[in-house]
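A short write-up of the structure that comes next.
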Amino acid sequence: MELFQNTVNHLYVNVILPLALPKLYSYSVPEEWQDKIAVGKRVEVQFGKNKLYSALVRSITKEQPAYKSKPIFSVLDNVPILQERHLKLWEWMADYYVCTLGEVMNAALPAGLKLASETKVMISPLFNGDYSNLNDKEYLIAEALSIQQELSIDDIQKILNQKTVYPLINELLAKGVIVLQEELKLKF
């Protein structure tokens, strides 16, 4: 008989992925992100074998899903980008137009907020070339973009030799160094 139980508070999030999926998926929230998680914030998640997406937190629960959930990699926003009323509207739209929440998310969010492995990163035409306010990793990406016109998320992960790059991309976007372009692929 076990006298001591694990006292760690496990949190799980149900997220909307920007894909035509019939349901929400659950991810565990590592302890380091638990104080930053909130409904309406974007989180970096892995879906499938190697695809990374920015998903939107729809709900937070302590109830463990029936399957072994993957952890989120990071929280991308300091404040929620959507409020509960927006999410309720999305749910109504999905119901009314007989589509998924992921399809509504794809239509509703600007491209810069929908990061995925296929996203192309380019130097902003408004960037003045001043690297002084960039940290080492940001500088490395800006330099790579000055040599190569565009990079994919995968390219950036390889350059930095790290899996979690969305927070860095958000910083570069906020500083006006880069712009994002969605690459649409036809699927047959």
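- Val179 and Leu145 sit in two unconnected hydrophobic clusters of ILVMFWY residues. Membership requires side-chain heavy atoms under 4.5 Å apart, directly or through other members.
- Atom OG1 of Thr100 sits about 9.5 Å away from atom CD1 of Ile16, to the nearest 0.5 Å.
- Between the side chain of Tyr27 and the backbone N or O of Gln46, at least one donor-acceptor pair lies under 3.5 Å.
- Considering OG of Ser74 and CD of Glu44, their distance stands at 4.0 Å, rounded to 0.5 Å.
- The two residues Tyr53 and Phe47 have their closest heavy-atom pair at CD1-CB, 3.9 Å.
- Pairing each heavy atom of Tyr166 with each of Ser54, the nearest pair is CE1-N, 4.1 Å.
- Using modelled atom types, no side-chain atom of Asn106 and backbone atom of Glu103 make a donor-acceptor pair closer than 3.5 Å.
- Of the inter-residue distances, the one linking Asn14 atom CG with Thr61 atom OG1 reads 7.0 Å to the nearest 0.5 angstrom.
- Here the OG atom belonging to Ser26 is positioned 10.0 Å from the CD atom belonging to Gln64, to the nearest 0.5 angstrom.
- Looking at Arg58 and Glu91, a side-chain N of the basic residue comes within less than 4.0 Å of a carboxylate O on the acidic one, giving a salt bridge.
- Shortest non-hydrogen contact noted between Val39 and Ile60 is N-CD1, 3.9 Å.
- Atom CD1 of Ile153 sits about 3.0 Å away from atom CD1 of Ile169, to the nearest 0.5 Å.
- Checking side-chain atoms of Lys137 against main-chain N and O of Leu168 turns up no donor-acceptor pair under 3.5 Å.
- Looking at every heavy atom in both residues, Pro71 comes nearest to Pro30 through CB-CG, 4.0 Å.
- Note on ring orientation: taking the six-membered ring where Trp is involved, the planes of Tyr96 and Trp92 are parallel (angle under 30°, cut-offs 30° and 60°).
- Using a 4.5 Å cut-off between side-chain heavy atoms of Ile, Leu, Val, Met, Phe, Trp and Tyr, with links allowed through other members, Val29 and Tyr12 fall into different hydrophobic clusters.
- In this structure, CD1 on Ile178 lies 10.5 Å from CD on Glu171, to the nearest 0.5 angstrom.
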